[in-house]
Amino acid sequence: MVIDLKTLTIKKAHEAMKAGDFTAQELAQAYLDNINPELNAFILIFDDVLEQSKKADERFKNGTAELLTGIPMAIKNNILIKGKRTTAGSKILENYKATYDATVITKLKKVGAVFIGGTNLDEFAHGSSTENSAYGVTKNTYDLERVAGGSSGGSAVAVASDMALVALGSDTGGSIRQPASFNGILGLKTTYGRVSRSGAVAMGSSFDQIGPFAKNIEDIKIVYDCIKGEDKMDSTTLKNGRTEELEQKIDLDKKMTIGIPRHFLQEGIDADVMENFEESIKKLKEKGYEVKEIELPNIKYSLAVYYILMPAEVSANLSRYDGVRFGFKKEGENLLEDYMKTKGEGFGKETRRRIILGTYILSAGYKDAYYKKAQVLRNIIRKDFEKAFSEVDVILTPTTPSPAFVIGSKGDDPVQMYLGDIFTVSSNVVGNPAISIPSGFVERDGKNLPIGLQILAPHLYEDVLVKISDDFLS
Ligand code: GLN
């Protein structure tokens with residue numbers, strides 16, 4: 001039978017496999033056949049996909065299949081799967097094979113999900129376009145001339161172009177939400193600590209979160225429910241569930257209030273993105289939501305705070321790639337030369353820039369001026385959000401100030417690239433959950449390009465994001 005990948009959801013696929021309409025092997029094959037190499041969404045396709053799905057078929061036969069059994073997934077290639085190459089988009093990890101499973105992978109293996117391949121990303125997740133990968137640029141689903149977004153560009157394109165049903169990405173400063181918006185799908189960044197980071201290649205450890213990509217909110221929720229939870233392998237994971245106090249405060253059936261930080265939406269946003277944003281607000285009003293203007297007086301500093309603290313953490317995390325324990329090694333005349341050659345040739349330009357910036361920020365004499373000051377501001381921004389969330393249930397912004405840009409158009413100007421993260425970084429700075437959902441299209445060069453609406457909720461209120469997304473999209 002021909003499987004309609006475009007309209008398939010996890011539940012539909014599950015029902016069909018249960019009824020015997022198609023097998024997990026046939027489903028995996030349908031996705032494998034649909035992989036378009038021109039888009040360059042995958043760094044590697046796994047060689048045991050059919051074996052994995054055969055095991056899923058056995059579970060359908062013996063009655064132990066769960067919702068995610070046999071569901072083909074794409075995994076960002078910075079998430080460890082035992083025995084598989086995990087490059088993190090870098091030459092330095094070109095031949096590195098994971099020696100253990102990330103906690104999210106252990107959870108997904110337990111329910112029998114099928115992993116199709118490792119998806120392309122900006123090197124070590126440093127970027128917003130997947131142009132910084134050592135494995136070539138990933139192309140946008142809607143226009144081959146344009147970027148996929150990043151850093152989880154490969155995962156977003158894999159789902160949007162039906163090369164996997166759902167995917168995992170990682171979000172340190174927008175890397176799930178931004179490529180989701182550029183490719184017309186949904187992407188969720190969870191509350192910091194909600195999903196274990198064990199087995200995710202570290203970028204900025206106080207920001208990183210793994211999360212799902214999907215084409216509908218139900219699938220986002222199914223994957224999120226599977227991967228979340230406390231983990232002894234990651235001491236920053238939160239205790240399961242909300243406190244009783246939080247539980248009492250939340251009522252999904254009440255009329256919810258949406259906050260709009262208008263003062264933050266004045267400059268640097270494309271006019272048609274703003275027009276689409278106004279339409280989204282109108283749509284939610286019509287659905288019964290109350291809309292209120294809010295102030296986040298220090299949100300304007302969140303980009304600067306992020307681009308100080310993140311490289312500081314990057315420089316510490318990436319110091320382990322010294323050519324001794326992991327991957328690529330280039331020998332010189334002495335130890336110092338070994339390091340210089342290994343790191344100089346193994347890391348790409350943007351990664352080297354961040355290591356150098358971070359080292360500078362943490363150096364004696366500058367640490368107080370930059371690192372400590374940014375930490376203080378991080379707390380102030382957190383308090384701004386706490387205050388705002390005492391007045392409203394969620395906050396809305398566009399996900400990005402513009403749709404996907406042309407490949408190469410921002411390459412020479414890192415600051416231009418960083419500015420595109422203006423709306424996404426604050427939830428990583430603060431740690432609260434945020435989702436990007438498709439809100440329509442804008443035209444560029446005769447092509448329709450998708451854009452996204454970002455919804456932010458207080459810590460641990462992922463179900464509020466699910467509820468509003470569902471209302472908006474239905
Ligand atoms: N675009 C941001 C950066 O370059 C975010 C990256 C991410 O979330 N991994 O840092």
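What you see below is based on every heavy atom in this structure, not just the backbone, and it leaves out hydrogens, waters and symmetry mates. Counting from 1, the numbers follow the sequence of the chain as shown.
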Only one of [options] forms a side-chain contact (heavy atoms from CB on, under 4.5 Å) with [X], so which one is it?
{"X": "V466", "options": "D471, I435, I455, I217", "result": "I217"}
{"X": "I43", "options": "T138, L121, T119, T86", "result": "L121"}
{"X": "D162", "options": "L5, N36, D4, T7", "result": "L5"}

Task: Step-by-step side-chain hydrogen bond (donor to acceptor under 3.5 Å, both in side chains) determination, D171 to S152 - done: CA-CA 8 Å; D171 192 313; S152 317; over 6 Å; no
Open item on the list: Under the rule for side chain to side chain donor-acceptor pair (under 3.5 Å), what residues qualify as partners of S426, not counting sequence neighbours?
Closed with: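 For S426 there are no side chain to side chain donor-acceptor pair (under 3.5 Å) partners, ignoring immediate neighbours.
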Task: side chain to side chain donor-acceptor pair (under 3.5 Å) partners for R352, two or more places apart - done: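 Partners of R352 by the side chain to side chain donor-acceptor pair (under 3.5 Å) criterion come out as none, since no residue qualifies.
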Task: Row check, F60 ring normal vs K18 NZ/CZ: under 6.0 Å, within 45° - done: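 So K18 doesn't make the cation-pi contact.
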Task: Within 45° cone of F347 ring axis and under 6.0 Å: K91 NZ or CZ - done: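 No.
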Measure from the ring center of [X] to the ring center of [Y] and say whether it is less than 6.0 Å.
{"X": "Y418", "Y": "Y306", "result": "no"}
{"X": "F46", "Y": "F115", "result": "no"}
{"X": "Y321", "Y": "F328", "result": "no"}
{"X": "F423", "Y": "F264", "result": "yes"}

- [ ] Could you give me the CA-CA distance, side-chain angles and deciding distance for H126 and S151, then say whether side chain to side chain contact (heavy atoms under 4.5 Å, CB included) is met?
- [x] CA-CA 6 Å; H126 302 167; S151 64; over 6 Å; no
Checking [X] side chain against [Y] main chain: does a donor-acceptor pair fall under 3.5 Å?
{"X": "T237", "Y": "D231", "answer": "yes"}
{"X": "R177", "Y": "A434", "answer": "no"}
{"X": "S181", "Y": "Q178", "answer": "yes"}
{"X": "S161", "Y": "M163", "answer": "no"}
{"X": "D21", "Y": "M17", "answer": "no"}
{"X": "N120", "Y": "F42", "answer": "no"}
{"X": "N40", "Y": "V137", "answer": "yes"}
{"X": "N140", "Y": "V147", "answer": "yes"}
{"X": "R197", "Y": "Q209", "answer": "no"}
{"X": "K215", "Y": "K6", "answer": "yes"}

Distance-minimising heavy-atom pair for [X] and [Y]:
{"X": "A134", "Y": "S90", "value": "CB-C, 4.1 Å"}
{"X": "S427", "Y": "L456", "value": "CB-CD2, 3.6 Å"}
{"X": "G332", "Y": "D338", "value": "N-OD1, 2.6 Å"}
{"X": "G440", "Y": "N276", "value": "CA-ND2, 3.8 Å"}
{"X": "G420", "Y": "P401", "value": "O-CD, 3.5 Å"}

- [ ] Just do the side-chain hydrogen bond (donor to acceptor under 3.5 Å, both in side chains) check on T106 and D101 with the steps written out, would you?
- [x] CA-CA 6 Å; T106 306; D101 282 326; 4.6 Å; no
- [ ] Go through the steps to decide whether V425 and S302 satisfy the test side chain to side chain contact (heavy atoms under 4.5 Å, CB included), and finish with yes or no.
- [x] CA-CA 7 Å; V425 291; S302 50; 4.2 Å; yes
Task: Candidate pair Q25 and S53, rule side-chain hydrogen bond (donor to acceptor under 3.5 Å, both in side chains), full reasoning - done: CA-CA 5 Å; Q25 285 184 82; S53 25; 5.6 Å; no
Taking atom types as modelled and ignoring hydrogens, do the side chains of [X] and [Y] form a donor-acceptor contact shorter than 3.5 angstrom?
{"X": "K76", "Y": "S170", "value": "yes"}
{"X": "T87", "Y": "N77", "value": "yes"}
{"X": "R444", "Y": "S402", "value": "no"}

- [ ] Any chance you could lay out the side-chain hydrogen bond (donor to acceptor under 3.5 Å, both in side chains) test for R59 and N62, step after step, and finish with the verdict?
- [x] CA-CA 5 Å; R59 290 183 64 159; N62 66 26; 6.0 Å; no
Task: Point-to-point distance, once rounded to the nearest 0.5 Å, from CD1 of I116 to CE of M73 - done: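 Reported value, rounded in 0.5 Å steps: 10.5 Å.
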- [ ] Would you list the pairs meeting salt bridge (Lys or Arg N to Asp or Glu O under 4.0 Å) in which at least one residue belongs to residues 26-50, sequence neighbours left out?
- [x]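 For residues 26-50, and leaving out neighbouring residues, the salt bridge (Lys or Arg N to Asp or Glu O under 4.0 Å) pairs sorted by first residue read D48-K84.
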